[in-house]
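Just so it is clear, the structure is predicted and the values come from calculations on it, not from any experiment. Residue numbers start from 1 in every chain, and the chains themselves are labelled A, B, ... in the order their sequence lines are given, proteins ahead of strands.
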Protein chains: 2
Amino acid sequence: MDSRVREHAEVLVEWSARVEEGDDVVVSVSEGAHELAVAVAEALGERGANVVTLYSSAEASRAYLRAHPGEFEVGEHELALVENADVGLRLGASRNASASVDVDAGTRAAKSKADEPVREAWMDLDYVSTLHPTRALAQQAEMSYEAYQDFVYDAILRDWEALAEEMAGMKEILDDGSEVRLVVGDHTDISMSVEGRTAVNSAASVAYNSSNLPSGEVFTAPYDTEGEVSFDVPMTFRGKQVRDVHLVFEDGEVVDYSAGVNEDVLGDILDTDEGARRLGELGIGMNPGIDRFTDNILFDEKMRDTVHMAVGRAYDANLPEGESGNESAVHVDMITDVSEDSRMEVDGEVVQRNGVFRWEDGFDEAA
Amino acid sequence: MDSRVREHAEVLVEWSARVEEGDDVVVSVSEGAHELAVAVAEALGERGANVVTLYSSAEASRAYLRAHPGEFEVGEHELALVENADVGLRLGASRNASASVDVDAGTRAAKSKADEPVREAWMDLDYVSTLHPTRALAQQAEMSYEAYQDFVYDAILRDWEALAEEMAGMKEILDDGSEVRLVVGDHTDISMSVEGRTAVNSAASVAYNSSNLPSGEVFTAPYDTEGEVSFDVPMTFRGKQVRDVHLVFEDGEVVDYSAGVNEDVLGDILDTDEGARRLGELGIGMNPGIDRFTDNILFDEKMRDTVHMAVGRAYDANLPEGESGNESAVHVDMITDVSEDSRMEVDGEVVQRNGVFRWEDGFDEAA
C-alpha cells in the first residue's frame with residue numbers, strides 16, 4: 001500500500017474526526033475506495049472504535065432508483081444506524097463520474113427529499129468527507145493517475161495546525177465585518193451582507209466545524225446580495241459540465257442567469273425551490289497545496305486564489321444559535337478565479353488583491 | 001451483465017427472501033460481489049424496499065482486528081441497524097479465501113463473542129446468505145472461472161418448488177424417526193437420536209426456515225451421538241484446509257479425533273467450548289445441481305450423495321418452541337461422501353443406500 005494512504009487515514013481519523021475509544025463510527029465506502037477503507041479500518045481498530053461500514057455504490061444506487069416505482073420513504077433501520085452513531089466518515093472514490101447520469105431528475109429529487117432525516121442525522125455526527133484518488137477522478141481532472149495522486153496527497157497531507165492559524169485571521173475579518181464586496185475584471189462586482197454571521201475556519205477538522213478533508217477555506221453565510229458575478233471555473237453537476245456561469249442578483253435573489261455550456265442544468269438548479277435563487281455560502285479558498293482546478297468541488301473551492309459562492313442551503317455553523325438561514329434542497333458551489341485583476345473588500349477595506357491577502361508579502365492596498 | 005446475475009438476484013429477493021414493498025433491507029456486500037449488488041439493488045428497487053448496503057471486506061476486517069487493542073464491545077449503531085431491519089441479505093464473494101488468515105485466533109474469538117447480539121439480531125431477520133462467483137472461489141474449487149460460474153448458477157437457478165416437494169419426504173422420515181444410523185465403508189458407523197427434533201426442509205427460502213441460496217438439504221439437530229465417523233471431503237476453515245477428519249463419540253461427545261492435514265485447526269475448533277465437542281447438526285445433501293466438491297461449505301453440504309454433521313451450535317428451527325439445543329460459539333460442518341458402500345437407517349429402516357433414496361429408481365433396500 002502507498003504509505004500516503006495510511007497517512008491519509010491517520011489524518012482523517014486523528015486530526016479530522018478526533019475518533020476516541022468506544023466511538024460508534026459509520027464509514028461510507030465508495031466503489032473505488034477499498035484501499036483507503038482498509039487503512040481507515042486499521043486506524044479505527046488502533047483506537048478501539050466500533051465500526052459499521054457502508055457500501056456507497058453509484059451503480060447500485062442508479063439501478064435501485066431506475067427500478068423504483070417512485071414513492072420513497074426513509075428506512076427506519078438506516079435512521080436508527082445514523083442516529084445511534086457518534087462519527088461519520090465518507091470515503092469518496094468515483095469509478096465513473098457519470099455513473100448515475102441517466103437517473104430521472106424527478107426520481108432523484110423525490111429520493112433526496114425522503115432522505116432528508118438521514119442527511120440531518122449525518123450532519124449531527126462528527127462528520128468528515130474525504131476522497132481517495134481513482135482513475136476516473138484523474139480523468140475528470142484531465143491528469144495522469146500518478147500526477148493526480150500526488151495532487152490529492154499534497155492537498156490532504158498538510159500542516160493543518162499552521163493553516164488553521166493563518167485562516168483564523170481571515171475568519172476574524174469576516175466576523176467583524178458587515179459588507180463584503182468582490183470585484184473581478186469587468187464581469188464581477190457583487191456585494192453582500194455578512195453582519196451577524198459567524199465565519200467558519202474550515203481547517204479539515206470537526207474541532208473547527210469543518211467536514212471536509214482536504215479543507216482550507218473560510219466561509220460564511222451571506223444575505224442581501226446585490227450585483228453580478230461570473231464563475232469562470234467549470235464544475236460538473238449531476239454528471240454534466242457547466243461552464244461560464246453568470247448570475248445577476250437583485251434584493252438577494254438571482255434575477256438573471258446564463259451559462260456557456262449546459263445552461264439548462266443551471267436552470268434546473270435555480271428552479272429547485274425558492275432558496276435555490278439565494279446565496280447560502282461565501283467561501284475564500286486558502287489551501288496552498290491545491291494549485292490547479294480538477295473539476296471536483298471538494299478541492300476546487302479550497303484552492304488559493306479563488307472565491308466561491310453557493311446558491312441554496314446555508315450551514316447552521318454560520319448562523320446565530322437557533323436561527324435558520326437560507327433553506328433549500330440544494331447547495332451548489334461555483335468558483336471564481338481571483339488570481340488576477342481582482343479585489344475583495346470588507347466594509348470598504350481591501351482584504352485580498354489579485355489573490356494576495358493583506359497580511360502577506362506583496363500585498364498592495366492601493367493597487 | 002451476465003443475465004444469470006440478474007436471475008440470481010431475482011431468485012434471492014423473490015423466492016428466498018420474499019421481499020415486499022416497504023421492507024427495511026440490509027444487504028451485506030463482500031469485496032467481490034459488486035455486480036450482484038447492482039442486480040440486487042435493482043430487484044429491491046422494483047419492489048419499493050428501503051435499503052442499507054454494508055461493505056463486508058475481509059481485508060478491512062483483518063486490518064481492524066490486527067490493530068485493535070482487544071477489548072471489543074458491540075456498536076450500538078450496528079445493533080440499532082439490524083434490530084430495526086426486516087430482511088438481511090449477505091452476498092459473499094471472497095477475493096482471497098486466506099485474506100484474514102493472519103489474524104490472531106484469540107482476537108477473532110473475542111470479537112466474535114462481542115458480536116453475539118448482532119449475530120442474534122441477524123438471525124431474527126428474514127435472512128438469506130448467498131454467493132457471487134469470483135476467481136478466488138474458482139481457485140479454491142480448483143476450477144476455471146467460467147466453469148465455476150456455470151457450476152454456481154446450476155446450483156442456484158433451480159426449480160426450488162419441485163426440490164422443496166421432494167425434500168418434504170425426507171423431512172417427514174426424520175420427524176417421525178427416533179434414531180439415525182450412518183454406515184460408510186469400514187470407517188464410519190455412527191448413531192444419534194433425533195427424537196423430539198424437527199427437521200428443516202431447507203429449500204433456499206425464509207418461507208422454509210432456510211437461510212442459504214443455494215440450499216437443498218434436510219437437516220436436524222441430533223444428540224446422544226455414539227460411534228465414529230470419517231469426513232473424507234476436505235474443508236477450508238480460517239483459511240486452512242483440513243483433510244480426513246475422524247471423530248469418535250461417546251455419550252454424545254467427541255472423545256478422540258484426528259485429521260490428515262492441519263489437525264491443530266480441528267483441535268482449536270473442538271476446544272472452543274464445551275458445546276464444540278457435541279453435534280449441532282445432521283444434514284442430508286439433496287441439491288442435484290451440485291455435482292462436485294468446491295471446498296465451499298455453502299455448496300458442498302448441499303451436494304447430493306453427501307451427509308454432513310456439524311460440531312457446535314444447533315439451530316433453533318430444529319428444536320421444540322422455547323427449548324435450547326447444543327450451545328457453542330462455533331458451528332463447523334464436515335462432510336462424508338455417501339455415494340458408495342453406504343447406508344443411512346432411520347429406526348433400523350434403510351432410507352438411503354449408496355446415495356440413492358428409497359423413493360427413487362434403483363434403490364435396493366437389502367443391498
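Counting heavy-atom pairs closer than 4.5 Å to chain A, the top-ranked of the candidates B:V40, B:L54, B:L65 is B:L54. Chain B forms the most heavy-atom pairs under 4.5 Å with one residue out of A:D23, A:D24, A:N84, and that residue is A:D24. Among the candidates A:E42, A:E46, A:H77, the residue making the largest number of heavy-atom pairs closer than 4.5 Å to chain B is A:H77. Heavy-atom pairs under 4.5 Å with chain B were tallied for A:A60, A:A43, A:S56; the largest tally goes to A:A60. Heavy-atom pairs under 4.5 Å with chain B were tallied for A:G75, A:A114, A:S61; the largest tally goes to A:G75.
Atom CZ of A:R108 sits in a crowded spot, with more than 12 heavy atoms from other residues, nucleotides or ligands closer than 6.0 Å.
Looking at B:V82, there are no atoms closer than 4.5 Å to chain A (heavy atoms on both sides), in backbone or side chain. Of the atoms belonging to B:E31, it is side-chain heavy atoms, and not backbone ones, that fall under 4.5 Å from chain A. Contact annotation for A:E21: neither backbone nor side-chain heavy atoms come within less than 4.5 Å of a heavy atom of chain B. Of the two parts of B:V27, neither the backbone nor the side chain holds a non-hydrogen atom closer than 4.5 Å to a non-hydrogen atom of chain A. For B:A49, the part sitting under 4.5 Å from any heavy atom of chain A is the backbone (N, CA, C, O) and nothing else.
Ring geometry for A:H331 versus A:Y315: interplanar angle of 30 to 60°, hence tilted. The aromatic rings of A:H34 and B:Y55 sit perpendicular, their planes meeting at an angle over 60°, well past the 30° parallel limit.
Side-chain contact, A:E78 with B:N50: no donor N or O sits under 3.5 Å from an acceptor N or O. Using a 3.5 Å distance cut-off with no hydrogens or angles, the side chains of A:Q149 and A:D2 do not pair a donor with an acceptor.
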Show the numbers, then the answer: is there a side chain to side chain donor-acceptor pair (under 3.5 Å) between A:Y127 and A:R90?
CA-CA 8 Å; A:Y127 167 65; A:R90 266 194 214 279; 3.2 Å; yes

Criterion salt bridge (charged side-chain N to carboxylate O under 4.0 Å, His left out) on B:R4 and B:E7, from CA distance to verdict:
CA-CA 5 Å; B:R4 294 174 300 182; B:E7 290 172 53; over 6 Å; no

